[in-house]
Amino acid sequence: MTTIFDKILRKEIPAKVVLENEDVLAFHDVNPHAKVHVLVIPKHKMARFSDMVSVDEKIVGRFFKNVAVVASHLQLDEKGYRIVVNCGEHGCQSVEYLHAHILGGEQLPGWDG
């Protein structure tokens, strides 16, 4: 199934890119929920977070390391930020392509999770 993220990776749909390397593409969310809202998608396509159980741990590690690299690139380290990964219908995943949200740049609402 082709998703909007597949089309962004193929440059069929424009995106405001923050960082791209051999492992990930990071770009600003078009519907931001914080002052800074960037999505990070792996170039090794997985539909859901739960798909990571069958993927080589090096790919998983590089994905999460790159999420941290993008947050640092956005200069969010000093004040902090939130990383959100939604999985499936009950997790409110809107695109069937694994992606991490980096939210920051302002005080985020509390969460008692």
Side-chain angles (χ1 to χ4, degrees):
M1 170 181 175
T2 299
T3 70
I4 189 168
F5 294 162
D6 293 297
K7 292 177 182 179
I8 289 171
L9 272 172
R10 292 192 305 254
K11 311 296 189 218
E12 295 170 6
I13 296 175
K16 188 175 173 189
V17 174
V18 172
L19 181 137
E20 181 174 12
N21 62 30
E22 65 185 21
D23 297 314
V24 300
L25 176 66
F27 52 93
H28 289 275
D29 194 305
V30 295
N31 184 26
H33 293 272
K35 186 176 177 183
V36 175
H37 187 169
V38 169
L39 302 175
V40 183
I41 61 173
K43 289 189 173 176
H44 178 97
K45 185 176 181 177
M46 293 169 266
R48 296 176 167 202
F49 183 80
S50 56
D51 291 344
M52 287 188 166
V53 298
S54 60
V55 174
D56 186 286
E57 42 289 310
K58 289 179 184 176
I59 292 170
V60 174
R62 285 197 308 264
F63 174 69
F64 281 107
K65 181 174 183 175
N66 275 293
V67 171
V69 167
V70 172
S72 290
H73 178 78
L74 294 166
Q75 301 179 339
L76 297 174
D77 290 336
E78 183 181 336
K79 296 270 187 172
Y81 51 92
R82 183 175 292 158
I83 303 297
V84 176
V85 179
N86 301 318
C87 184
E89 178 185 357
H90 286 192
C92 298
Q93 184 177 358
S94 59
V95 178
E96 284 290 314
Y97 193 122
L98 172 68
H99 56 287
H101 299 257
I102 300 174
L103 302 154
E106 63 185 328
Q107 179 62 58
L108 299 172
W111 182 63
D112 292 334

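Nothing here was measured: the structure is a model prediction, and the numbers come from that model.
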L9 CG to I41 CD1 distance, which is reported to the nearest 0.5 Å: 4.0 Å
Just so I know, are the side chains of F63 and M46 near enough to count as touching, which here means a heavy-atom distance under 4.5 Å? no
Can you tell me how far the CG atom of D23 sits from the CZ atom of R62, to the nearest 0.5 Å? 4.5 Å
Are Y81 and V69 connected in the hydrophobic side-chain network, where two residues link if heavy atoms are under 4.5 Å apart? yes
Show your reasoning for whether side-chain contact (heavy atoms from CB on, under 4.5 Å) applies to V85 and H101. CA-CA 6 Å; V85 179; H101 299 257; over 6 Å; no
Euclidean distance, E89 CD relative to R48 CZ, rounded to 0.5 Å: 8.5 Å
What about L108 and L39, same hydrophobic cluster or not, with Ile/Leu/Val/Met/Phe/Trp/Tyr joined at side-chain heavy-atom distances under 4.5 Å? no
Can any side-chain N or O of N21 pair as donor or acceptor with the backbone N or O of V24 at less than 3.5 Å? yes
Minimal heavy-atom distance between V70 and V38, with the atoms involved, is CG1-CG1, 4.1 Å
To the nearest 0.5 Å, what is the distance between CD (E20) and NZ (K11)? 3.5 Å
Verify same cluster id: V84, F49 (apolar side-chain graph, 4.5 Å): no
Taking K79 for its side chain and Q107 for its backbone only, find out whether a donor-acceptor pair lies under 3.5 Å. no
Closest non-hydrogen contact found for A47 with Q93 is O-NE2, 2.8 Å
Minimum heavy-atom separation for G104 and L76, please, with both atom names. C-CD2, 4.2 Å
Taking every heavy atom of A71 against every heavy atom of I102, the minimum-distance pair comes out as N-CD1, 3.9 Å
Any link between V40 and V30 through a network of hydrophobic side chains (Ile, Leu, Val, Met, Phe, Trp, Tyr) touching at under 4.5 Å? no
Hydrophobic cluster membership, with links at side-chain heavy-atom distances under 4.5 Å among I/L/V/M/F/W/Y: are L25 and V18 in one? no
Plane angle bin for F5 and F27 - parallel if under 30°, tilted between 30 and 60°, otherwise perpendicular: perpendicular
I'd like to know whether CD of E106 has more than 12 heavy-atom contacts from other residues, nucleotides or ligands below 6.0 angstrom. yes
Value rounded to 0.5 Å, distance of CG in D51 from CG in L98: 8.0 Å
Once you round to the nearest 0.5 Å, how far does CG of L103 lie from CD1 of I83? 7.5 Å
More than 12 heavy atoms of other residues, nucleotides or ligands under 6.0 Å from NZ of K35: yes or no? no
Considering all heavy atoms of both residues, which atom of N86 and which atom of C92 are nearest to each other, and what is their separation? ND2-O, 3.8 Å
Per the side chain to side chain contact (heavy atoms under 4.5 Å, CB included) rule, which among T3, T2, I4 passes with Y97? T3
